[in-house]
Amino acid sequence: MSSLLPWNSYRRLRPSSTSSVAAFAIAAILLLYYGLRGGSYDIVPRQEEAMVVWWILGLGFALGLLPRAKPPRGVLVPLLALALLALWTAIGLGFTQSGERTFAELARYLHYVGLLLLVWAMVDRTTWKSVAAGLLVGAVALCAIGLASRLWPSAFPTDYVVVNYKVNRLSYPFNYWNAVGAFAVMSIAMALIWSAHGRLLWIRAAALACIPICASTAYLTYSRAAVIGAAGAMVLVLLLSRNRWVALGHILAGAAGSALPILAIRSHKEIADATGGGGAGVVLVVLIAGCAIAAAGACATWFLKADGWRVARRTAWIAVVVAVLLVPAVGHSEISKGWNQFRTQPSAPPSADPAARLSNLNGNRYFIWRSAVRAFKKHPLDGTGAGTFGFWWSSTGGDEYLKDAHSLYFESIAEQGIFGGLLILVFLVGLTVAAVRARFKLPDAGDIGPHAALLAAFFVFLFHAGVDWMWESTTVTVLALLAIATAAAATSRPAEAPARLPVRIGVTAFAVVAFLVQLPGLASTLHLRASQDAFKHGDTAAALSKATQSINAEPWAASPYAQRALVEEAQGHLGAARSDLIRAEKREPTNYQHPLLLARVEAELGNADAALAAYRRAKELRPLSPLVTPTSQR
């Protein structure tokens, strides 16, 4: 196909305006697609998306249609670091505590490698701003959808997070409130910088009008990380902006416009408490008014020609240094109080005001991170295995069920050891360096705004990834990676010829491998869920068949064996159930659930001693579980 026309002929067939529109639309639609599939946290949508990414890359390089851009060499550092992290994870399959979970993490790393490679193969200096605009529009649209789901809950799918966990925190569409909060703050950072640097008045006004929407969304998550992240985002906006006085004015206008809908939300209990949509019309009217106030602020700075106002760089840095020194000194008592709260488990009953939690730092993060550090000290070289922190947490006295260490940085060293921790740092620093270098090479001062917006979104993500499991919240990470990869591609030249044959062959081969890595976990999970559904409806024959297919798709996984054992137990095939639970326990020796189930089956078989031994193993692996330790003994 690539031989039908010369390479340059293909480029002449696509005017720059068409390419820009396509780049904008693809970026916005891609973000919406990831976000509206439950944030793509679940393994099924996540790995389906990864397969599409690698299919496009493989086919594009095989046919010579990619790359369309020639990225700077600096992007090879983060790309190689992430690829090496994937390789280290693959090596970890030999000593991990769960091949199933580690293989899923391997698939995740390769997914992110594919996204970066796709951006750098397609985005160049002629299209990067369109991609940046598309990311902003897609991000704000997702925030608006999340907010609308709280105002008119009957018009959206049931928020099972609210129903099952009895919380009033906005979780739609990502199924996790802190993920929605982080995403909203990233959107605020991008919109603010666009509003301060847009070339046209309507762009500035529209961007600033988005702030009350995103801020209201963030508020309804009642996320303390979102509050801290928003404060950090304001600082980033001022530091990264060229028009700092404009940015400061827009921060104030955006805050004023956001205060109105937040106050309206607080005055309508159904919306604030997620019990209904009473007062949605009033909140909508007030929200529109807030957006109008924000837009008016953009118009004011435009007509006042505030772009010409400048703060000397030296003065700006002196102000930053003074603030860094002054804040700890003046706020010492509050900082000390917050630190003590952070190290204390919450003991007071929940307040009737859902926003009351924003005034303190009580929680379990300190204890989770301390546990992760202990895991690193215990396994400094190999870690516990990617995806297995939850087993370590349970066995060392964690009192609640967790899968993640709630921090990309602590989790990396706990699960992947020193090598994994260093590789993730090299990856993130490498992305930052590549993007910052591109900023200093921008040919037009007017490009600083869109570029700074991408940087701000990524830097906000770095904070949120450090205090929660945003790395696993796929859409949040996708926004961050697309933003920083696009920023790094801002000075990329359009490719004038197809890649050399060895490069095309290499990328195509890697794409095939990465595509195939997604298949076992995806197929196994689909069969497993089909088995669970059949079992729920009383069709044990179909449940057994699907469980066996799940095992065949991913024989190193423990979950399919446990599922088949449950079906066999229901059928009265206790010997077969016992054998499958032993296989599950062998594949996940630190998962308390398998010996706990085995204890029941052994008891049903009349093997009292074996049942007690299995029960003791389960209790040792999760001593504080209510399933193995009565509440009175905890």
Side-chain angles (χ1 to χ4, degrees), residues 42-44 47 93-94 96-104 107 160 164 385 387-388 390-391 394-395 401 403 518-630:
D42 184 68
I43 189 174
V44 172
Q47 297 194 185
L93 289 168
T96 182
Q97 296 176 10
S98 171
E100 179 180 354
R101 294 192 177 190
T102 298
F103 201 83
Y160 289 103
N164 295 336
T388 64
F391 298 154
S394 294
S395 66
Y401 177 77
K403 287 185 64 177
Q518 311 298 323
L519 286 175
L522 175 61
S524 180
T525 301
L526 290 173
H527 289 310
L528 178 68
R529 292 175 181 176
S531 174
Q532 293 168 339
D533 187 62
F535 186 74
K536 186 188 301 183
H537 290 86
D539 190 349
T540 56
L544 186 66
S545 174
K546 287 295 181 181
T548 300
Q549 291 178 50
S550 180
I551 290 170
N552 294 336
E554 196 176 19
W556 55 84
S559 298
Y561 282 104
Q563 170 62 17
R564 191 168 72 175
L566 290 173
V567 178
E568 291 164 337
E569 180 188 19
Q571 292 178 328
H573 303 152
L574 298 180
R578 177 181 180 276
S579 298
D580 275 339
L581 286 171
I582 291 174
R583 294 186 182 103
E585 189 175 3
K586 181 179 179 181
R587 285 159 175 77
E588 286 182 348
T590 55
N591 186 345
Y592 81 101
Q593 294 174 331
H594 305 317
L596 186 62
L597 290 173
L598 181 60
R600 186 177 71 192
V601 171
E602 293 283 16
E604 290 170 340
L605 284 167
N607 302 329
D609 291 341
L612 285 173
Y615 178 80
R616 292 189 186 103
R617 288 199 305 276
K619 186 173 183 179
E620 182 180 349
L621 292 173
R622 194 178 177 195
L624 296 184
S625 170
L627 298 176
V628 297
T629 303

How long is the gap from [atom1] on [X] to [atom2] on [Y], to the nearest 0.5 Å?
X: Tyr561; Y: Leu566; atom1: OH; atom2: CG; answer: 15.0 Å
X: Ser98; Y: Leu93; atom1: OG; atom2: CG; answer: 9.5 Å
X: Leu596; Y: Gln593; atom1: CG; atom2: CD; answer: 8.0 Å
X: Gln518; Y: Ile43; atom1: CD; atom2: CD1; answer: 8.5 Å

- In terms of side-chain heavy atoms, does Glu100 have a donor or acceptor partner in Ser559 at a distance below 3.5 Å? yes
- Message: I'd like to know if the side chain of Ser531 reaches the main chain of His527, judged simply by a donor and an acceptor atom lying under 3.5 Å from each other, with no hydrogens or angles considered.
- Response: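 Looks like no, no N/O pair under 3.5 Å.
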- Query: Can you tell me if Ser395 uses its side chain to pair, donor with acceptor, with the backbone of Arg622 under 3.5 Å?
  - Reply: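 No; zero donor-acceptor contacts below 3.5 Å.
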What heavy-atom pair brings [X] and [Y] nearest, and what distance separates the two atoms?
X: Glu554; Y: Gly521; value: OE1-CA, 3.7 Å
X: Ala558; Y: His594; value: CB-NE2, 3.6 Å
X: Gln563; Y: Ala547; value: CG-CB, 4.1 Å
X: Pro560; Y: Ser524; value: CG-OG, 3.6 Å

- Using the test side-chain contact (heavy atoms from CB on, under 4.5 Å), find all partners of Leu522 that sit at least two apart in sequence or belong to another chain. Val44, Gln47, Glu48, Met51, Leu526
Considering only distance and modelled atom types, tabulate donor-acceptor pairs under 3.5 Å from the side chains of residues 537-546, sequence neighbours left out.
residue	atom	partner	partner atom	Å
His537	ND1	Asp533	O	2.8
Asp539	OD1	Ala542	N	3.2
Ser545	OG	Gln549	NE2	3.4

Which donor-acceptor pairs under 3.5 Å do side chains of residues 573-585 form with protein atoms, sequence neighbours excluded?
residue	atom	partner	partner atom	Å
His573	ND1	Gln571	OE1	3.4
Arg578	NE	Glu602	OE1	3.4
Arg578	NE	Glu602	OE2	2.7
Ser579	OG	Gly575	O	3.2
Asp580	OD1	Arg564	NH2	2.9
Asp580	OD1	Arg583	NH1	2.7
Asp580	OD2	Arg564	NE	2.7
Asp580	OD2	Arg564	NH2	3.4
Glu585	OE1	Arg617	NH2	3.2
Glu585	OE2	Arg617	NE	2.8
Glu585	OE2	Arg617	NH2	3.4

- Task: Flag the pair Phe391 / Leu621 as yes when at least one side-chain heavy-atom distance between them is below 4.5 Å, and no otherwise.
- Result: no
